[in-house]
Amino acid sequence: MSDWTEKYRPSTLAEVRGNDKARDALKEWADSWEQHREAVIVYGSPGIGKTSAAHALATDKGWPVIELNASDQRQADVIDKIAGEAAQSGTLTQGSSGRRLVVMDEADNFHGNADYGGSAAVTGVVKDADQPMILIANEFYDMSQGLRNACQEIEFRDVSKRSIIPVLRDVCRKEGVEYEDEALEAIAKQTSGDLRSAINDLQAVAERADRLTVDDVVTGQRDTTTDIFDFLDDVIKKLDPQAALEASYDVDETPDDMINWIEDNMPKDYAGRELADAYGYLANADRWLGRVRATQDYSYWRYAGDNMTAGVAAARNEQKGGWTRYGPPSYWSKLGRSRGSRETRDSIAVKIAEESGTSIGTARRHVLPFLAELTHHCKNRELTVRMAAVYDLDEKQVSFVTGSGKTTNKVQSIVEDAQELREQEAVEHSGGAFEGATRDIEDETSEGTESETDVDTEENAGAETEDATETDDAPEEESDDGQAGLTDFM
Ligand SMILES: Nc1ncnc2c1ncn2[C@@H]1O[C@H](COP(=O)(O)OP(=O)(O)OP(=O)(O)O)[C@@H](O)[C@H]1O
């Protein structure tokens, strides 16, 4: 079955749903471009129609599109060249007033890239561009001030449930899928504003059931991983190195996530020499990913990709068959997929760091996976409540750590109980149960290296040292007052 989000991508602005004001503003920007000649930043959450709107606008105006992608067009000269071409071909073309619409995706990915001249180069291009240019971004304030000042801005908001449901209904009718209204409601609700995910979920459920019912939707988890399972089977068992590499282009995972999937599943089929060789390739891939993080030069992704796909396939030296139960990488499956989940993760790490006196990096890399394991699906409710209380976590954060749905009563009631516990403890003044435990982890694991700088801002670093001294006064074990410390549950 083809991808419904592509099949039903709006082709004209009129088909872009739920963002009428933004849509009109975009049209107005384009119509008046000859007068103001400014670029525009279109920003908002993923999957709400920003890219679609840009392309639909181009169709409506009869402007051919030139696409720039921030992750592979990092260096100033590449950007200059392409923008130059856009400008040039524009003046040579007949019809459509010779205009080209330059669309730059992921325009907020340039930040912190000063060494490469990324942000400055884009700002330069934006100022000099002789063509209408749309920059698409998730986070407006992740872009440099210079860039923001040089552009107009249009915010796309999350698509409301009220706008999502008719889109889903339409797709069902066109696909001849029968549905319960409640099923569509449930999909719209669980994807909170992200229309692309809603359509994806709809398709996933429709592939399993003849008639969509609420039960199908509620029991069927978000089915975004089907592809990766097929892909794992291909890389690990079937394809030659070249084909394995090519197969990876169709998988909707970043190399950072993909390596975790491969690393966790490959040993289920590989053994001995081939296992050792495959790990060698994964180690190479990991080194390249490290270089990407250090330099923000995303062109290195391809070397990481080569190693983790073609390399792993090349390490295979005997026929593989049968069916293997692949699984999502334990902890990583919950992380890093999107900016949203990274932000949630980092917000939790900050709280852990503040409470426990660890660094934010340690909190994220070592404490958080540990908490995730212990509170998995809130099975140990008491412990989950304590965790939520100690770190003052909200529903979103609890659901992130435990992997339980945020809207379930379970998570809500845990957060309520945690709140109560906090209030009680404020009265009793009895210190955090997790402090000793997280400090132990810090002691065992801290290597002092901090290559990721995304959340470790100076402000946070300040908080870190302050809290570290506080924690030193805290007792190592906390169980004597009847409140179990984290270590007591292990
Ligand atoms: N407002 C919308 N109206 C109609 N369809 C939409 C809308 N938003 C999203 N979609 C559907 O979701 C798909 C993805 O949307 P699109 O790529 O435009 O989102 P985006 O906001 O640009 O996301 P990203 O920031 O991840 O690129 C579209 O192909 C379309 O099927």
Side-chain angles (χ1 to χ4, degrees), residues 3 5 46-47 69-72 74 105-106 109 138 196-197 200 204 221-270 274-316 320 324-342 345 364-365 368-369 372 403 451-452 454:
D3 179 345
T5 58
N69 189 312
S71 31
D72 46 43
R74 295 248 133 197
D105 242 323
E106 296 179 48
N109 260 344
N138 290 136
R196 176 186 17 234
S197 298
N200 272 334
Q221 289 281 315
R222 286 283 296 282
D223 199 1
T224 48
T225 48
T226 340
D227 280 349
I228 186 91
F229 288 112
D230 289 343
F231 169 73
L232 287 172
D233 211 54
D234 284 344
V235 172
I236 297 172
K237 289 191 191 149
K238 295 187 185 143
L239 300 180
D240 64 44
Q242 175 74 26
L245 172 64
E246 283 165 12
S248 70
Y249 300 151
D250 295 330
V251 179
D252 192 15
E253 298 284 341
T254 66
D256 286 309
D257 291 327
M258 192 183 281
I259 194 172
N260 292 307
W261 281 92
I262 296 173
E263 190 181 315
D264 274 24
N265 288 293
M266 179 266 296
K268 294 174 185 168
D269 292 306
Y270 280 27
E274 57 186 6
L275 182 60
D277 289 345
Y279 273 133
Y281 285 111
L282 290 177
N284 283 340
D286 198 37
R287 242 169 258 136
W288 284 109
L289 293 177
R291 285 176 192 139
V292 173
R293 275 193 294 274
T295 61
Q296 295 290 305
D297 184 342
Y298 286 81
S299 61
Y300 295 149
W301 263 2
R302 82 174 72 119
Y303 306 119
D306 290 348
N307 274 287
M308 73 179 83
T309 60
V312 167
R316 182 190 335 117
K320 307 266 176 234
T324 311
R325 178 180 296 283
Y326 297 124
S330 46
Y331 165 64
W332 292 100
S333 61
K334 293 197 287 244
L335 285 191
R337 286 282 162 66
S338 65
R339 181 181 295 276
S341 70
R342 280 198 303 277
R345 175 196 64 186
R364 186 174 56 207
R365 278 194 300 275
L368 203 55
S451 61
E452 294 148 282
D454 49 350

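The first residue of the sequence shown is numbered 1, and numbering continues consecutively from there. Small disclaimer: the values here were computed from a predicted structure and weren't measured.
When side chains are defined from C-beta on, Tyr326 counts as touching Ile236, because their heavy atoms get closer than 4.5 Å. Between Val235 and Ser248, every side-chain heavy-atom pair lies at or beyond the 4.5 Å cut-off. At a threshold of 4.5 Å between non-hydrogen side-chain atoms, the residues Met266 and Glu274 do not count as touching. Counting heavy atoms from C-beta on, the side chains of Leu282 and Met308 come closer than 4.5 Å. Annotation: side chain of Trp261 is in contact with side chain of Phe229 (closest heavy-atom distance under 4.5 Å).
Contact record, Tyr279 with Glu263: CE2-CG, 4.3 Å, taken as the closest heavy-atom pair. Contact detail for Val312 and Tyr270: the closest heavy-atom pair is O-OH, 2.8 Å. Summarising the geometry of Arg291 relative to Thr295, their closest heavy-atom pair is O-OG1, 2.7 Å, with the distance given to 0.1 Å. Contact record, Phe231 with Ala244: CE1-O, 3.8 Å, taken as the closest heavy-atom pair. Scanning all heavy atoms of the two residues, the minimum distance from Ala313 to Leu239 falls at CB-O, 3.7 Å. When all heavy atoms of Arg345 and Leu368 are compared, the closest pair comes out as CG-CD2, 3.6 Å.
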Between Met258 and Val251, is the side-chain contact (heavy atoms from CB on, under 4.5 Å) condition met? List the steps.
CA-CA 9 Å; Met258 192 183 281; Val251 179; 3.8 Å; yes
side-chain contact (heavy atoms from CB on, under 4.5 Å) assessment of Leu289 paired with Trp301:
CA-CA 7 Å; Leu289 293 177; Trp301 263 2; 3.9 Å; yes
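Electrostatic pairing of Asp256 and Arg293 counts as a salt bridge here, judged by a charged N lying under 4.0 Å from a carboxylate O.
Atom CH2 of Trp288 and atom CG of Asn284 lie 9.0 Å apart (nearest 0.5 Å). Atom CZ of Arg316 is separated from atom CG of Asp240 by 8.0 Å, given to the nearest 0.5 angstrom. Atom OG1 of Thr254 and atom OH of Tyr298 lie 9.5 Å apart (nearest 0.5 Å). Considering CZ of Arg302 and CG of Asp306, their distance stands at 8.5 Å, rounded to 0.5 Å. Separation of atoms NZ (Lys320) and NZ (Lys268) is listed at 14.5 Å; rounding is to 0.5 Å. Atom CG in Asp286 sits 4.5 Å away from atom CD1 in Ile259 (nearest 0.5 Å).
Of the N and O atoms on the side chains of Thr5 and Asp3, at least one donor lies less than 3.5 Å from an acceptor on the other residue.
Partner of Thr324 under the side-chain hydrogen bond (donor to acceptor under 3.5 Å, both in side chains) criterion, chosen from Asp269, Asn265, Asp233: Asp269.
The aromatic rings of Tyr303 and Tyr300 lie tilted to each other, with the angle between the two planes from 30° to 60°.
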